[in-house]
Amino acid sequence: MPIDKRADYATDEVLFYDDLNRWSINGSPQWLSDTSFTSQSTQLFQDVFDMSTTTNYSHFKIIIQRMTGSTTGTLQLKFANGASVRSEDCRFTRERVSYAGTRSTSLGISGTGTLQFNLMQLDTSNESFGIIDVFNPNKAFRTQISAMLTEGTTTQGSVLVSGRNNNDNLNDGFELSASSGTITGRVTVYAWRNGSL
Amino acid sequence: MPPIRQQSGQTLTHLRVNQNYLNNGLELVGGNSFSGTSVQITNLVSAMATPFTSRNRSYRLVIMQTYSTTASELFLKLRSGTDHSANYYYSGTSLTDGAVQTTRNGSNVSTGIRIGTTNTNASNVLLSATIDIFAPQEARETGFVVEAREADGMYQAGGMCDISTQFTDFSLVCAQTLTGVMMLYGWRS
């Protein structure tokens with residue numbers, strides 16, 4: 001019989017593994033972290049990609065909420081390992097469609113000195129949102145991202161970014177920053193389980 | 001936090017259950033089938049008087065169309081007692097199976113956020129979509145991200161409702177009679 005996780009289990013009680021139903025065990029995605037920050041020139045999210053148990057997670061989802069900048073800079077993402085933030089070759093395609101219907105594209109390609117993933121344009125008061133999927137950051141593969149983002153002002157638009165870095169480094173986290181000024185916002189990280197535990 | 005591996009016969013403490021099993025990132029709020037030209041979510045989730053609450057900051061809505069009398073665009077409107085019909089901004093692109101790209105956008109429109117184009121049940125390419133809704137119950141602007149399989153291709157868009165209203169629910173609005181199923185999940189924060 002399924003167990004009501006919230007109501008039927010109290011402090012000091014014990015529960016046998018065998019009693020847990022498979023739905024609970026295999027619940028996914030898993031919530032990993034929730035961070036609010038204010039006026040940061042760089043915001044590091046360290047040890048969120050779970051390096052110690054790489055067989056459990058390999059696909060992560062980052063939800064960005066209430067993001068503003070002290071200037072109208074571009075929100076940027078770099079991967080990191082511990083406190084070491086990687087300035088590495090990032091290759092991506094980026095499409096932006098304004099709310100007025102104007103479409104534009106930009107690229108981050110090898111040799112152009114693009115050492116971060118360029119995401120969306122920030123505003124100083126209107127808040128931006130978005131979701132970034134991250135694939136295999138904690139494995140010795142290229143790390144790939146896919147992002148769908150919504151800029152905050154009525155003269156801006158939506159942004160679609162897809163790309164990868166160009167090395168096989170292991171990364172346990174990431175850093176957000178702006179091309180100029182500081183950032184304020186809230187970031188939640190989730191993980192998709194690879195299989196049954 | 002990594003999941004804890006448990007073996008058959010081992011016991012779990014209250015703390016470990018909290019660590020391991022209460023951290024599911026998506027929580028089912030409710031779901032049901034729907035039919036009509038303007039369907040309010042409060043009528044779909046019988047156990048939920050207000051789908052948007054402070055329990056979850058953001059939400060994921062999954063919609064699968066099963067029937068439509070005529071192909072038509074589907075929109076989502078936020079509600080706070082009544083449909084909110086202003087202040088919507090969205091932009092994105094449709095890309096058909098024939099590689100035809102079309103810009104989809106609305107700037108300060110009353111229609112709601114565009115979800116995609118439906119199709120009739122004469123075809124097997126009915127509309128299916130996921131819509132992430134960011135903090136609708138907070139007294140600030142509400143953000144959206146839409147990814148959909150439309151009648152003839154893919155559609156991706158982002159947008160917002162640019163008003164500081166606390167919304168409690170939403171409507172699906174379609175000019176033609178539409179049936180389908182939907183599930184609403186809350187992102188744990």
Side-chain angles (χ1 to χ4, degrees), chain A residues 5-6 9-20 24-25 27-34 50 52-53 56-57 61 63-66 95-103 120 126-131 148-160 186 188 190-193 197, chain B residues 1-27 57-58 60 87-93 101-109 113 130 132-135 138 140-147 156-160 162 187-189:
Chain A
K5 298 175 294 178
R6 298 180 188 279
Y9 194 64
T11 302
D12 299 329
E13 290 184 349
V14 295
L15 183 67
F16 282 93
Y17 170 85
D18 313 78
D19 295 331
L20 292 176
S24 289
I25 294 171
S28 196
Q30 288 280 292
W31 174 87
L32 297 183
S33 71
D34 195 38
D50 190 20
S52 61
T53 54
N56 293 323
Y57 306 129
K61 188 175 285 285
I63 294 188
I64 294 174
Q65 300 181 88
R66 307 286 184 215
E95 179 190 63
R96 183 169 182 267
V97 181
S98 74
Y99 298 132
T102 301
R103 178 176 172 269
M120 57 185 163
N126 294 281
E127 297 159 333
S128 298
F129 305 83
I131 292 181
M148 189 73 213
L149 308 150
T150 294
E151 297 173 333
T153 74
T154 58
T155 57
Q156 295 179 318
S158 66
V159 180
L160 178 64
R186 182 173 189 140
T188 312
Y190 303 86
W192 300 92
R193 284 185 175 175
L197 298 175
Chain B
M1 180 181 298
I4 302 163
R5 294 183 182 280
Q6 299 288 342
Q7 301 300 320
S8 179
Q10 287 186 329
T11 57
L12 291 165
T13 64
H14 173 74
L15 175 63
R16 286 203 163 191
V17 166
N18 282 340
Q19 288 176 331
N20 216 26
Y21 303 114
L22 299 189
N23 284 338
N24 288 339
L26 280 173
E27 180 180 56
R57 183 176 301 270
S58 296
R60 168 160 285 199
N87 313 112
Y88 293 100
Y89 296 79
Y90 66 86
S91 62
T93 53
Q101 186 178 51
T102 304
T103 297
R104 308 286 188 181
N105 68 289
S107 180
N108 199 18
V109 295
I113 294 292
T130 61
D132 285 290
I133 307 169
F134 299 94
E138 295 183 12
R140 304 160 89 166
E141 66 190 46
T142 299
F144 297 89
V145 164
V146 181
E147 295 181 279
Q156 292 172 303
M160 63 177 170
D162 190 30
W187 285 105
R188 185 179 184 275
S189 58

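Every value quoted in this text rests on a predicted model; they were computed, and no experiment measured them. Residue numbering restarts at 1 for every chain, and letters A, B, ... go by the order of the sequence lines.
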Task: Between OG1 on residue A:Thr154 and CG on residue A:Asn126, distance to nearest 0.5 Å - done: 7.0 Å
TODO: Kindly write out the residues that satisfy ring pair (Phe, Tyr, Trp, His ring centres under 6.0 Å) with A:Tyr99, not counting sequence neighbours, or none if the list is empty.
DONE: B:Tyr89
Task: Segment of A:Gln156 engaging chain B (4.5 angstrom heavy-atom cut-off) - done: neither
TODO: Determine the option with the most heavy-atom pairs under 4.5 angstrom with chain A, choosing from B:Asn87, B:Asp132, B:Thr93.
DONE: B:Thr93
TODO: Heavy-atom distances under 4.5 Å only: say whether B:Ala135 touches chain A with side chain, backbone, both or neither.
DONE: both
Task: Residues in ring pair (Phe, Tyr, Trp, His ring centres under 6.0 Å) contact with B:Phe134, at least two apart in sequence or another chain - done: A:Phe129
Task: Which atoms of A:Arg96 approach chain B - backbone, side chain, both or neither, heavy atom under 4.5 Å - done: neither
Open item on the list: Please classify the contact between A:Ser98 and chain B as side chain, backbone, both or neither, with a heavy-atom cut-off of under 4.5 Å.
Closed with: backbone
- [ ] Kindly say whether B:Ser91 contributes a backbone atom to a donor-acceptor pair with the side chain of A:Ser158 at under 3.5 angstrom?
- [x] yes
- [ ] Tell me, out of B:Met160, B:Glu141, B:Glu147, who's got the most heavy-atom pairs with chain A below 4.5 Å.
- [x] B:Glu141
Task: Heavy-atom contact with chain B under 4.5 Å, split by part of A:Gln65 - done: side chain
- [ ] To the nearest 0.5 angstrom, please state how far the CD1 atom of A:Ile131 sits from the CG atom of A:Leu149.
- [x] 9.0 Å
Open item on the list: Could you check whether any side-chain heavy atom of B:Arg60 comes within less than 4.5 Å of a side-chain heavy atom of B:Trp187, counting everything from C-beta outward?
Closed with: yes
Task: chain B contact via A:Ser33 - side chain, backbone, both or neither, heavy atoms under 4.5 Å - done: neither
